[in-house]
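Everything numeric in this text was worked out from a predicted model, so none of it was measured. Chain naming here is simple, since letters A, B, ... match the order of the sequence lines and numbering starts at 1 in each.
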Amino acid sequence: MPELPEVETTRRGIAPYLEGKRIAALRVRERRLRWPVPEGLEAQVAGARVQALERRAKYLLLRLDCGTLILHLGMSGSLRVLPATDPPQRHDHLDLVLEGGYCLRLRDPRRFGALLWCPDSPEAHPLLRDLGPESLSADFDGPYLAQVAAGRRVPVKSLIMDSGVVVGVGNIYASESLFLAGIHPQRACRRISAARYARLVGSIRQVLTAAIQQGGTTLRDFRQADGSPGYFALSLRVYGRAGAPCPRCGAPIQARRIGQRSSFFCPHCQH
DNA sequence: CCGGACGCCTGTCGGC
DNA sequence: TGCCGACAGGCGTCCG
């Protein structure tokens, strides 16, 4: 999926087409996403104005004057803005038709994405309520991460991918951040010093910021709002590069499953 | 409370 | 060439 950089890239790409615009119609071709698209949602949002497009974790929040649409891209979702008359293709499940002839179209082959309706404050929604701090915000810092880690015994990679700890660090960027910080992904999180956590926070920020600047990472499905791929795939140091030389020391990159997710690291540079 | 495993789906890729 | 299993960017839920 889209991790945080892909969702943020998408948000920035589609925001100009949405903010301040009125919704002419919602067309649902396939209701069976991660959760069913609520019955009657079409009537609920028709005619409403999009006040703002925000992001919390990997959720996009479309603030309407009458409530909030919560959109998630799952593993394979992408959003594009197209002329509303463009014929939908396979796996194009939703169109949010806007005044002026454009529509926002969701494509999601695996259907792990979601479109939900929240009539009141989305922060209180069960899916958003228990999320940790944003990874690029000031309240995600070294002392916070060290303190959270103290009570846990999972590998550090699982820790930073736990959305209750910090949001937005998915499988690709967890491996990349740990490489940059020189920390072995499987190291027990209680056996890492506060100083190294501070460094890890810096690495996460650096990796995510660079990835956003490159338009995210396209491995297969992901597309920016204009249809172009994300170019951060060219900057990946370890993810997907098992056997290739470490860009820092030349030793072969290792692959291993940690917490049911494939993980990549340099056995020489990361401890 | 925590941590680990599973399942949701479809598409693709590598090995035989 | 064809088939089959493994795996894929997430994450809620269940179980011990």
Compare side-chain N and O positions of [X] against OP1 and OP2 of [N] and report whether any pair is under 4.0 Å apart.
X	N	value
A:Ser262	C:dA8	yes
A:Arg32	B:dC8	no
A:Arg90	B:dC9	no
A:Arg261	C:dG10	yes

Do A:Arg111 and B:dC9 share a donor-acceptor pair, side chain to base, under 3.5 Å?
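When only heavy-atom distances are counted, A:Arg111 does not reach the base of B:dC9 through any donor-acceptor pair under 3.5 Å.
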Output, in order, the C-alpha distance, side-chain angles, deciding distance and verdict of side chain to side chain contact (heavy atoms under 4.5 Å, CB included) for A:Arg49 and A:Lys21.
CA-CA 6 Å; A:Arg49 193 174 291 280; A:Lys21 299 296 194 303; 5.9 Å; no
Tell which nucleotide pairs with B:dC9, taking only Watson-Crick or G-U wobble pairs whose two distances are both under 3.5 angstrom.
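By the stated definition (distances under 3.5 Å), nothing pairs with B:dC9.
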Taking for each residue the nucleotide of DNA chain C with the nearest heavy atom, is it A:Gln260 or A:Ala57 whose nucleotide lies nearer the 5' end?
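First, find each residue's nearest nucleotide; the 5'-ward one identifies A:Gln260.
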Side chain of [X] only, heavy atoms from C-beta on: which candidate in [options] is closest?
X	options	result
A:Arg153	C:dG10, B:dG11, B:dG3	B:dG3
A:His91	C:dG10, C:dA8, B:dG11	B:dG11
A:Arg152	B:dA5, B:dG3, C:dG10	B:dG3
A:Arg110	B:dT10, B:dG4, C:dC11	B:dT10
A:His72	C:dG10, C:dG12, B:dT10	C:dG10
A:Phe112	B:dG4, C:dG12, B:dC8	B:dC8

Would you say A:Leu106 and A:Leu41 are hydrophobically clustered, going by side-chain heavy atoms of ILVMFWY under 4.5 Å?
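Cluster IDs for A:Leu106 and A:Leu41 match.
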Rounded to whole Å, how long is the line connecting atom [atom1] of [X] with atom [atom2] of [N]?
X	N	atom1	atom2	value
A:Arg107	B:dG11	CZ	P	12 Å
A:Ile70	C:dC11	CD1	P	13 Å
A:Lys157	C:dG10	NZ	C1'	12 Å
A:Asp108	B:dG11	CG	P	11 Å

Testing A:Glu3, A:Glu176, A:Lys157 one by one against A:Asn171 for a side chain to side chain donor-acceptor pair (under 3.5 Å), which residue passes?
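With A:Asn171 as partner, A:Glu3, A:Glu176, A:Lys157 yield a single side chain to side chain donor-acceptor pair (under 3.5 Å), made by A:Lys157.
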Could you give me the CA-CA distance, side-chain angles and deciding distance for A:His72 and A:Lys58, then say whether side chain to side chain contact (heavy atoms under 4.5 Å, CB included) is met?
CA-CA 7 Å; A:His72 197 280; A:Lys58 297 169 192 167; 3.7 Å; yes
Counting only heavy atoms not in A:Phe140, do more than 12 sit closer than 6.0 Å to its CZ atom?
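Yes, the 6.0 Å shell around CZ holds more than 12 heavy atoms from other groups.
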In whole angstrom, give me the gap between the P atoms of C:dC3 and B:dC9.
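After rounding to an integer number of Å, I get 25 Å for this pair.
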For A:Tyr173, answer base if it contacts any base atom (sugar-phosphate contacts may also be present), sugar-phosphate if it contacts only those atoms, and nothing otherwise; contact means non-hydrogen atoms under 4.0 Å.
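Touches nothing.
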With a non-hydrogen cut-off below 4.0 angstrom, is A:Tyr59 in contact with a base, only sugar-phosphate, or nothing?
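Answer is sugar-phosphate: A:Tyr59 comes under 4.0 Å of backbone atoms only.
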